[in-house]
Amino acid sequence: MRELIILSALMLSTIHGVAQNYFSDSQKQAWLQKAADNTPKLIHTKIKPEYQVDVVDDTNAFQHKKAIKPRVVKDLYSSSFKDKSGIILDLGDHYTGYFTFSVGEYKSDMDAPLRLKFTFGEVPAEVTTSFDNFHGNISRAWLQDETVTVEQLPATITIPRRLSCRYIKIEDVGSSPYAEFCFTNMEFDAVTSANKKIAELPEYTPAIVRQIDKVAQNTLKECMQTVYEDGPKRDHRLWIGDLYLQMSADNYAFQNRELVKRSLYLMAGLSKDNGYLNHTVFEKPVPHPQRVPFYLYEYALLYNAVLNDYVEQTGDKETALDLWSVAKRQVQLIPDMLDKNQLFSSAKADKANLWQFVDWNEKLNKQVAEQGMYIFALDKTYKLAKSLGKEKEVAYIPGLISQMKKAALTLYDAKQGYFVSGKEKQVSYASQVWMILAKVVDKKQGKEILRRLLKDNKALKPGGPYLYHYVVQALIDCDLNQEAYDLVTTYWGGMIHKGADTFWEVYVPEDDFVSPYNFAPINSYCHAWSCTPIYFIRKYPEIFQKRH
Ligand code: RAM
């Protein structure tokens, strides 16, 4: 306990800025150099658009729009485009990269500039929904519509921004009434750092599992750029929570170790003056963190899970030892966020401007889930310490874990058979699942809770794939294999049935238009944290690869 008090005092002083430069500038530079040394080469693939589709209304399709009738466009590159305005091209799959087009005169002379509008969409509804009434709460500029004015023909133009799409709508929004023009070439330069072929699943694997596996691979591949990005359409950056799930998936997929190393070092090299990690960082124009007035501390904690699992997978202790001081630092804020009963205190977290996330479901009370996540991170940190022979440096952790577990059990309502969160005593998936992953209850009790939960329509459900990942993991940890199989094949399978080529950032089966940003087209439809079925399918073949 004494140790905890000293630690808390130390923490307070650092949070409030007394202790600066927890890691020296030269240390951070060295980490950034290692991040740079591990920059992967991007693999380029050129795709030539040749197919056209019609996007039609269909109430069974995602967001009620479906792409149908893929067909080769006759004379796309050798006839006038004027009567083709509004065409929707289909690349055949989701790609991330750069779009170049060449356009020239067709039979007559242009007497005016040519104005073309391109709309790039990951899903069909994105190219048919008007963006005019945009009412989202993040930048409108994420929407992928680009208007290009060409002054003289012929011209070859590359759209400067990187794009992420399957569908490309092209409209003539201003051209000479006396002249015609023609596209002479188009090319999509697709990029990824996923550089390995993944083994096929055995042919007896259920078809839906194979489909999910393929789409999960695609999702991960597209998010693998020069870091593990959260989404190639949005936000193009490294977030630790996404990184944890991507790395877990990539261990069973492309196994790009360079990319994990780069991501780990980038985070460390950009740590705050007080030694805590930023929850998200950018690579360009030079590596820098996103400075915002709130702090997603639970993501900093997940860094330790990434490092622990990385070492478990690769045996690369050299990297882990190099970054051990970073991991050791991340958990030190935990005691400050607890009340006198060793329970997570939302009030304290609010005061410290912590963004309590857990999941996108806005109704979620986060007390119990945060308690679970903190314990989970402490556990991973101690595991890591043990594997590196550093337990003595974090000797307080086992004691803290057991106090926090004991405290968590006071939130267990034996009558209902659930952990209840906050003043409203809310019952949610998030709370039960994080208590199980934190091993506050044993497997037997976890199993009972989860069985109850799955039948309970009143319990607050997850708001997206990020939390669903942890639900599946909890089911597997409690030997509820059939339930885990069913959840993966209905939830991610639900996206497949609605036409997904890549898995989405947000998916609520009852409502295709849910958006944390208040405008569905701005959601990311190829999102890192949604790629984890590949991890489940490959790590647990006995559950997912056998006939059902
Ligand atoms: C979103 C990003 C990212 C996620 C955070 C919490 O803006 O999509 O994936 O980690 O929020």
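One-based numbering, in listed order, for ligands and for the atoms of each.
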Please identify which of these residues, D93, D501, T192, meets the side chain to side chain donor-acceptor pair (under 3.5 Å) condition with N218.
D93
For Y299, the ligand 1 atoms with a heavy-atom partner under 4.0 Å come out as 4 (C), 6 (C), 10 (O)
S524 side chain to H527 side chain, donor-acceptor N/O pair below 3.5 angstrom:
yes
Determine, stepwise, if the pair D456 / Y418 fulfils side chain to side chain donor-acceptor pair (under 3.5 Å).
CA-CA 11 Å; D456 186 345; Y418 286 133; 2.8 Å; yes
Could you give me the CA-CA distance, side-chain angles and deciding distance for E505 and R234, then say whether salt bridge (Lys or Arg N to Asp or Glu O under 4.0 Å) is met?
CA-CA 10 Å; E505 173 184 19; R234 217 214 69 244; 3.0 Å; yes
Closest non-hydrogen protein atom to atom 1 (C) of ligand 1, residue and atom name please, with distance?
Y517 OH, 3.5 Å
Contact between ligand 1 and Y466 is defined here as a heavy atom of the residue under 4.0 Å from a ligand atom; is it met?
no
Report yes if W355 has an N/O atom closer than 3.5 Å to an N/O atom of ligand 1; otherwise report no.
no
How far is atom 11 (O) of ligand 1 from its nearest protein heavy atom, and which residue and atom is that?
W360 CZ2, 3.7 Å
So, 4.0 Å and heavy atoms of H527: is ligand 1 close enough to count as a contact?
yes
For W324 and V311: C-alpha separation, side-chain torsions, deciding distance, then whether side chain to side chain contact (heavy atoms under 4.5 Å, CB included) applies.
CA-CA 11 Å; W324 163 244; V311 142; over 6 Å; no
Nearest heavy-atom approach of K196 to A253 is NZ-O, 4.0 Å
Short N or O distance, D235 and ligand 1, threshold 3.5 Å exclusive:
yes
Would W529 count as a polar contact of ligand 1, with the cut-off being nitrogen or oxygen pairs under 3.5 Å?
no
